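In what follows, a single structure is set out as structure tokens and then discussed.
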Amino acid sequence: MTINLKSAKSPWSSLDGVEALTLHPINQSFNKEVIIPGSKSVTNRAFILAGFSNGTSKLSGYLKSDDTYWCMESLKKLGATFKFIEDEIHITGINHAELPDKQQIFIGSAGTSARFLPGILGTQEKSEITVTSTEQLAVRPHQTLHEALQQLGVEVKYLEEEGQLPITIKGTAQTGGKVSIAGNQSSQFISGLLMAAPLFNRPTEIELTTNIVQSAYVDITIEMMHQFGINVDVSDDYKHMKVEQGQYQPATLPLEADLSTACYFMALAALNKSTIKINHLNMESHQPDLEVVDILERMGATVEKGSDYVVISGPEQLKGHLTIDMNACSDQALTIGTLAAFADGPITITGVEHIRHHECNRVSALTESLSKLGIDVVEHQDGWTITPGQIEAATLDTFDDHRVAMSLSLVGTKIDGVKLLDPSCVSKTCPTYFEMLKSLGISVEYN
Ligand SMILES: O=C(O)C1=C[C@@H](OP(=O)(O)O)[C@@H](O)[C@H](O)C1
Ligand SMILES: C=C(OP(=O)(O)O)C(=O)O
């Protein structure tokens with residue numbers, strides 16, 4: 001029996017049937033403004049917390065993409081209702097005590113749903129929920145989270161391969177209590193435990209046995225749990241967290257724009273001696289990819305930060321001779337790795353071993369892609385040393401990974417004829433990405 005699917009394409013995907021696209025360079029500087037769609041991380045947290053609140057939440061600024069579509073559909077199957085009213089989404093939550101006795105949900109390729117939902121689904125003894133996904137997501141790391149949930153009284157059963165999706169989740173008479181978990185594979189495991197904790201039938205204490213990668217995502221979780229009425233006690237070193245039992249309360253919230261998506265537009269300006277103003281950003285955001293602004297500054301870009309915008313202007317020549325630890329904002333390692341090919345000296349990126357287990361093995365995917373473009377790349381276990389050189393156009397695989405596609409698209413804005421295969425994978429988090437590039441004057445030819 002195989003119940004996982006190959007594709008996460010949804011009614012919110014774009015570029016249906018487009019097998020490849022070719023990019024052509026800009027050839028002149030531009031000075032433009034853009035608005036970035038909602039954050040996938042914030043939207044899926046808001047959908048889930050609203051979906052388990054006792055009332056109706058009103059959210060604006062949410063993201064429409066494959067990851068958020070399948071999260072919404074899963075919550076609807078569990079009993080939540082979603083209504084689109086003008087530019088808001090109104091979500092009426094389910095009481096977790098009324099989860100269906102038996103149900104099967106499909107979460108697409110979303111790491112967020114895979115790590116945030118199992119805990120919450122394990123808060124009821126009577127219900128048995130099967131979680132299926134794409135084949136890509138099925139084989140990403142999950143078992144550390146599942147073992148932690150088992151310590152907390154949740155039953156997790158593997159339906160195919162040990163440690164992989166699909167799984168069936170069921171609560172028991174006694175959930176909650178103390179749990180120890182490692183945070184060095186994925187911060188999402190910790191976020192998932194935190195979000196479930198108030199709904200367990202005992203108070204929950206989480207102890208971290210390692211540091212947390214991309215720990216700012218845990219800050220986003222704690223901040224949003226607070227917005228939905230639940231407080232988390234955290235020690236200064238993040239090693240101990242304590243969550244009391246409680247019910248999520250509905251919230252009315254504007255959701256933040258996606259700072260990960262914003263980075264491709266900042267990088268585009270930095271690379272093309274151009275200026276971009278990105279409006280409606282939360283410049284105090286916990287989203288870790290905001291750190292890219294400082295990285296671009298180190299690479300020679302000029303930065304102006306406003307209260308709700310940032311302006312990035314690219315230099316004549318991007319600077320190299322840098323070592324950059326990107327552990328805290330590793331979703332952007334591919335973006336900076338791609339820009340490194342255009343710098344005036346080598347750039348070493350460190351601290352990103354865990355991205356070998358994201359949508360694809362991102363470390364080897366960038367090595368392969370830049371090598372095809374003629375760039376000298378030395379791959380390390382936790383990153384690369386990239387030495388700029390003569391770049392030749394090539395046809396590039398996108399590994400069904402939105403971040404590979406968006407990062408490599410940057411090369412096509414400088415070098416004529418770069419062809420990207422399967423560009424619709426950007427629909428995971430930004431279905432409108434290539435149309436946004438076009439609106440900035442970049443030539444995108446769909447093949
Ligand atoms: O919590 C979140 O919303 C996310 C956490 C990070 O995952 P890991 O901590 O698994 O690296 C990040 O890469 C992902 O894009 C979004
Ligand atoms: C790793 C990512 O996604 P996910 O939420 O599926 O983990 C990402 O968006 O770069």
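Positions are given from 1 along the sequence. These numbers were taken from a predicted model, which means no experiment stands behind them.
- Taken to the nearest 0.5 Å, the CD atom of Q247 stands 7.5 Å off from the CD1 atom of I230.
- Other residues, nucleotides and ligands contribute at most 12 non-hydrogen atoms within 6.0 Å of the NE2 atom of H226.
- We find the OG1-CZ distance between T338 and R403 to be 12.5 Å, quoted to the nearest 0.5 Å.
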Going through the distances and angles, do K40 and D66 end up as a salt bridge (charged side-chain N to carboxylate O under 4.0 Å, His left out)? CA-CA 10 Å; K40 146 210 84 175; D66 289 342; over 6 Å; no

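- No close placement of the H90 and F84 rings is indicated, their centers lying 6.0 Å or farther apart.
- Nearest approach of I169 to P118, heavy atoms of both residues: CG2-O, 3.5 Å.
- To the nearest 0.5 angstrom, M72 atom CE is 4.5 Å from K76 atom NZ.
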With side-chain contact (heavy atoms from CB on, under 4.5 Å) as the criterion, how do D308 and L281 come out once you've worked through the C-alpha distance, each side chain's angles and the decisive distance to 0.1 Å? CA-CA 5 Å; D308 67 346; L281 295 183; 5.8 Å; no

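- A donor-acceptor contact closer than 3.5 angstrom is absent between the side chains of R45 and T112.
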Are Q136 and E359 close enough, and set up right, to give a side chain to side chain donor-acceptor pair (under 3.5 Å), and what steps lead you there? CA-CA 7 Å; Q136 179 194 79; E359 282 78 334; over 6 Å; no

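- A distance-only check finds a donor-acceptor pair linking the side chain of N201 to the backbone of A173 [under 3.5 Å].
- Within the 3.5 Å criterion, the main-chain N or O of K170 finds no donor-acceptor partner in the side chain of E155.
- With contacts defined as side-chain heavy-atom distances shorter than 4.5 Å, the pair E256/S285 qualifies.
- Within a 6.0 Å radius of NZ in K178, other residues, nucleotides and ligands contribute 12 heavy atoms or fewer.
- Of the N and O atoms on the side chains of T168 and T130, at least one donor lies less than 3.5 Å from an acceptor on the other residue.
- A donor-acceptor pair under 3.5 Å links the side-chain atoms of S427 to the main chain of S14, judged by distance alone.
- Not a single donor-acceptor pair under 3.5 Å links the side chain of S187 to the backbone N or O of Y217.
- Closest of all the heavy-atom pairs between A301 and A270 is CB-CB, 4.4 Å.
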Output, in order, the C-alpha distance, side-chain angles, deciding distance and verdict of side chain to side chain donor-acceptor pair (under 3.5 Å) for R115 and S191. CA-CA 8 Å; R115 279 66 177 265; S191 291; over 6 Å; no

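- The backbone N or O of I105 lies less than 3.5 Å from a partner atom in the side chain of T132, making a donor-acceptor pair.
- Within 6.0 Å of NZ on K239 lie more than 12 heavy atoms contributed by other residues, nucleotides or ligands.
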Report the C-alpha separation of I375 and S371 in whole Å, then their side-chain angles, then the decisive distance to 0.1 Å, and conclude whether the side-chain contact (heavy atoms from CB on, under 4.5 Å) test is met. CA-CA 5 Å; I375 293 295; S371 304; over 6 Å; no

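- Closest heavy-atom contact between P250 and S53: N-CB, 3.7 Å.
- Under a 3.5 Å cut-off, the side chain of T68 and the backbone N or O of L63 do form a donor-acceptor pair.
- In summary, the aromatic rings of F52 and F228 are positioned with their centroids too far apart to meet the 6.0 Å limit.
- Remark: Q332 CD to I349 CD1 distance equals 10.5 Å, nearest 0.5 Å.
- Put simply, the side chain of M283 reaches to within 4.5 Å of the side chain of L290, judged on heavy atoms.
- The two residues A114 and L165 have their closest heavy-atom pair at CB-CD1, 4.3 Å.
- For K58, the NZ atom counts as loosely surrounded, since its 6.0 Å shell holds 12 or fewer non-hydrogen atoms of other residues, nucleotides or ligands.
- Without hydrogens or angle criteria, T398 side chain to D401 main chain gives no donor-acceptor distance under 3.5 Å.
- Contact check for L49 versus M224: side-chain heavy atoms found under the 4.5 Å cut-off.
- Y433 and F265 have their aromatic ring centers within a separation under 6.0 angstrom.
- Ring orientation note: the planes of H146 and Y158 are tilted relative to one another, at an angle of 30° to 60°.
- Here the closest non-hydrogen pair linking G176 and T204 is CA-OG1, 3.5 Å.
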Are I276 and V311 close enough, and set up right, to give a side-chain contact (heavy atoms from CB on, under 4.5 Å), and what steps lead you there? CA-CA 6 Å; I276 203 149; V311 183; over 6 Å; no

May I have the step-by-step check of side-chain contact (heavy atoms from CB on, under 4.5 Å) for M406 and L268, ending in yes or no? CA-CA 10 Å; M406 293 190 275; L268 178 72; over 6 Å; no

Carefully, step by step, assess E379 and R356 under the rule salt bridge (charged side-chain N to carboxylate O under 4.0 Å, His left out). CA-CA 12 Å; E379 183 174 318; R356 291 181 179 275; 3.1 Å; yes

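- Separation of atoms NE2 (H286) and CD1 (I220) is listed at 7.5 Å; rounding is to 0.5 Å.
- Side-chain atoms of T413 come within 3.5 Å of backbone atoms of L410 as a donor-acceptor pair (strictly under, hydrogens ignored).
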Check the pair T385, T348 against side chain to side chain donor-acceptor pair (under 3.5 Å), reporting the backbone distance first and the verdict last. CA-CA 4 Å; T385 298; T348 297; 2.9 Å; yes

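- Legend: ring-ring contact (aromatic ring centres under 6.0 Å, His included) pairs involving residues 92-139, not counting sequence neighbours, sorted by first then second residue: W70-F106.
- Counted within 6.0 Å of NZ on K126, heavy atoms from surrounding residues, nucleotides or ligands total more than 12; the atom is thus considered enclosed.
- Side-chain contact between I89 and F47 is present, with at least one heavy-atom pair separated by less than 4.5 Å.
- Using a cut-off of 4.0 Å between Lys/Arg side-chain N and Asp/Glu carboxylate O, D400 and K6 are scored as not salt-bridged.
- Taking both residues in full, the closest heavy atoms of P166 and N4 are given as CD-ND2, 3.2 Å, listed atom of the first, atom of the second, then distance.
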Applying salt bridge (charged side-chain N to carboxylate O under 4.0 Å, His left out), run through D67 and K428 and close with a yes or a no. CA-CA 5 Å; D67 275 9; K428 186 173 194 284; 2.9 Å; yes

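- Note that CD of E135 and OG of S7 are 10.5 Å apart. Values are rounded to the nearest 0.5 Å.
- The backbone N or O of E353 lies less than 3.5 Å from no partner atom in the side chain of D382, so there is not a single donor-acceptor pair.
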In sequence, state the C-alpha distance, the side-chain angles, and the governing distance for Q164 and H142, and then conclude on side chain to side chain donor-acceptor pair (under 3.5 Å). CA-CA 7 Å; Q164 300 183 4; H142 303 288; over 6 Å; no

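- Within the 3.5 Å criterion, the main-chain N or O of P346 finds no donor-acceptor partner in the side chain of T387.
- The side-chain heavy atoms of M436 and I36, taken from C-beta on, include a pair separated by under 4.5 Å.
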